[in-house]
Amino acid sequence: MSRVLVCLLTVLAATGYAQEVVTTVVADAETRLPVSHASLYTKEDGRFRSVITNGQGVARVGFPFRRLTVSHLNYERTTVRQLADTIFLKPKYLSTGEVVVTNKEPEWIRRCLKETVRRKTRNYFSHDGCEQVDYHTQSMGRDNIYRFHLEGLLRTKTPGRKRYELHCDSVNAQIVASDSTRLTDTQNLRRMLYEDFMEDLTRDFISDHRFYHYADYEGAGSHEVKLSFKAKHRTDDRGWLVLDTVRCVVTSAYRATGTKTNRHERIGNVMYSVARVFGYRVDTFTRDYRVSYAERPDGTFYPAEVRYKMYYAGRDGDSTKAEEEFSQQTGGGFPNMEATLTLTPLLAAATGPSPDPSAEVEGLPCSRWHQLPPSWYVAFNSEADRRLEVELSNLPATFSIFDEQP
């Protein structure tokens, strides 16, 4: 009997079922604050495994590893060979100055912000043109990792309302995944484009938030200031922006929102109420958006660099056969997503595949444009919507297996 028990324990240990669960905390190396939704992952012996830290930065690692990668979009990636009580990540962005908190908000802040909103259509949404796009996205689940890199041309059309199109003949795309997933994913690209901070900055946004001044901030000029903000009635909506007070333009911004805010702004109370009738629930929905704007020669601004992170966990009701097929056709989903986007005006681009810069955008050789519609989180899609999503999930791309050697 004892020999049988020893054999059983040996088998369990070999398969990983007897692996001890070790708890660690991932924290910011400067502030010592916990880092939520950081990824800890490894691929060893042909199998990918990962865990994600919770809202308190805690991860429970229950699988063996020789080298474990720890990553988060806003921090330098690191690797460890054994788990300490706390893993510190070095932030990619330096903190600047201290926020001066006063009982009364400076009066000029709201006047300048309202003028920024009044001018934003002219300053941000009045330019039709073509940019080179460099887009990276990484999505991660417990047993799978997916990376997608796309380079190509993006056409912007703004009159009436902003919309984007992707020039498919110029696309260079690569997929790296830990299994046979071979679908292209433009969802995060569309989120970064359509959920732009300047779209969010409205008179209602100004009314719903309090603003504070970074006293020690040193910007590009004496007329630049940095303001932090937080929602008046919610605790999960905060961020900062850099404001040129002479021209009334935002040059960079960061906003972090949690489940309550995102359910309200990104899904909508009516849509979410309807979805709940069918058994859908949003358990966790966090979103980080960081953007730097650059100026074109005509004086308009565009999102030159964007970094986006989202964690989305929900529960669905009984899916129909059509819904399951649609999920398979579009690659399904992952809870933990990160993405970066760089846009370069076509005339300023010095490298990379591009047509003759002097050519009209509509006259690109062999041109065929894919419409990039706004992204969605919970929606009742029409048949045309579904066809477009399937089309965007099957852009030409090369594929390779994720292999990170220990």
Side-chain angles (χ1 to χ4, degrees), residues 48 130-141 143-157 162-195 266 306 308 310 312 314 316 319-343 352-355 361-362 364-403:
F48 178 85
C130 190
E131 288 87 24
Q132 286 193 322
V133 57
D134 190 346
Y135 163 65
H136 294 257
T137 188
Q138 173 176 290
S139 302
M140 192 173 297
D143 301 313
N144 201 349
I145 186 172
Y146 169 91
R147 289 174 177 167
F148 177 47
H149 177 209
L150 179 149
E151 295 178 322
L153 295 178
L154 187 75
R155 180 164 65 179
T156 310
K157 292 196 170 183
K162 184 172 59 175
R163 62 187 177 93
Y164 298 93
E165 294 175 328
L166 186 69
H167 185 256
C168 68
D169 294 321
S170 67
V171 165
N172 175 27
Q174 300 90 34
I175 296 172
V176 178
S178 58
D179 61 14
S180 58
T181 301
R182 296 177 181 270
L183 300 180
T184 51
D185 183 3
T186 62
Q187 282 278 7
N188 289 329
L189 170 63
R190 290 146 57 190
R191 288 168 181 145
M192 287 188 283
L193 292 171
Y194 285 102
E195 297 174 16
R266 306 301 165 190
V306 186
Y308 178 86
M310 184 178 77
Y312 187 93
D316 205 348
S319 299
T320 66
K321 184 177 180 180
E323 289 170 340
E324 292 174 354
E325 180 180 350
F326 178 59
S327 179
Q328 292 175 354
Q329 291 173 329
T330 56
F334 294 82
N336 200 36
M337 290 170 275
E338 301 177 347
T340 62
L341 170 66
T342 301
L343 295 182
S354 65
V361 172
E362 274 70 14
L364 293 176
C366 304
S367 62
R368 187 164 67 90
W369 296 89
H370 283 286
Q371 180 186 352
L372 289 179
S375 58
W376 49 272
Y377 301 96
V378 177
F380 297 100
N381 295 312
S382 67
E383 188 57 36
D385 293 333
R386 289 172 177 256
R387 285 197 301 269
L388 180 56
E389 292 293 343
V390 172
E391 177 184 333
L392 291 172
S393 299
N394 288 275
L395 297 174
T398 59
F399 175 83
S400 60
I401 292 292
F402 174 83
D403 187 16

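Side-chain atoms are counted along with the backbone in the values below, which use heavy atoms only and exclude waters and symmetry mates.
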Here the gap from Tyr308 atom OH to Asn188 atom CG, rounded to the nearest 0.5 Å, amounts to 6.0 Å
Identify the heavy atoms of Gln371 and Leu388 that sit nearest to each other, and give their distance.
O-CD1, 3.8 Å
Derivation of the side-chain contact (heavy atoms from CB on, under 4.5 Å) call for Tyr312 and Arg266:
CA-CA 12 Å; Tyr312 187 93; Arg266 306 301 165 190; over 6 Å; no
Beyond-backbone contact of Trp376 with Arg190, side-chain heavy atoms, under 4.5 angstrom:
yes
List in chain and number order the residues that pass side chain to side chain contact (heavy atoms under 4.5 Å, CB included) with His149, two or more places apart in sequence or in another chain; answer none if no residue qualifies.
Asp134, His136, Glu151, Gln174
Atom CZ of Phe48 and atom CG of Asp143: how far apart are they, to the nearest 0.5 Å?
8.5 Å
Taking all non-hydrogen atoms of both residues into account, name the closest pair between Tyr135 and Asp185 and its distance.
OH-O, 3.1 Å
Minimum heavy-atom distance between Pro335 and Gly141, given as atom pair plus value:
CD-CA, 4.2 Å
Mind running side-chain contact (heavy atoms from CB on, under 4.5 Å) on Leu150 and Thr184 for me, showing each step along the way?
CA-CA 9 Å; Leu150 179 149; Thr184 51; over 6 Å; no
Can you list the steps and then say if Leu392 with Leu166 is a side-chain contact (heavy atoms from CB on, under 4.5 Å)?
CA-CA 10 Å; Leu392 291 172; Leu166 186 69; 5.7 Å; no
Rounded to the nearest 0.5 angstrom, the CZ-OG1 distance for Phe148 and Thr137 is 9.0 Å
Inter-residue atom distance Glu165.CD - Cys130.SG, 0.5 Å rounding:
10.5 Å
Close side-chain approach of Glu195 to Ser375, heavy-atom, < 4.5 Å
yes
Evaluate Leu183 against Asn394 for side-chain contact (heavy atoms from CB on, under 4.5 Å), listing each step before the verdict.
CA-CA 6 Å; Leu183 300 180; Asn394 288 275; 3.4 Å; yes
Arg191 CZ to Leu341 CG distance, which is reported to the nearest 0.5 Å
14.0 Å
Are side-chain heavy atoms of Thr156 and Leu193 found at a separation under 4.5 Å?
no
Of all residues at least two apart in sequence or in a different chain, which pass the ring pair (Phe, Tyr, Trp, His ring centres under 6.0 Å) check with Tyr164?
Tyr194
So OG of Ser178 and CD1 of Ile401: to nearest 0.5 Å the spacing works out to 7.5 Å
Can you list the residues that meet the ring pair (Phe, Tyr, Trp, His ring centres under 6.0 Å) rule with His370, with sequence neighbours excluded?
none
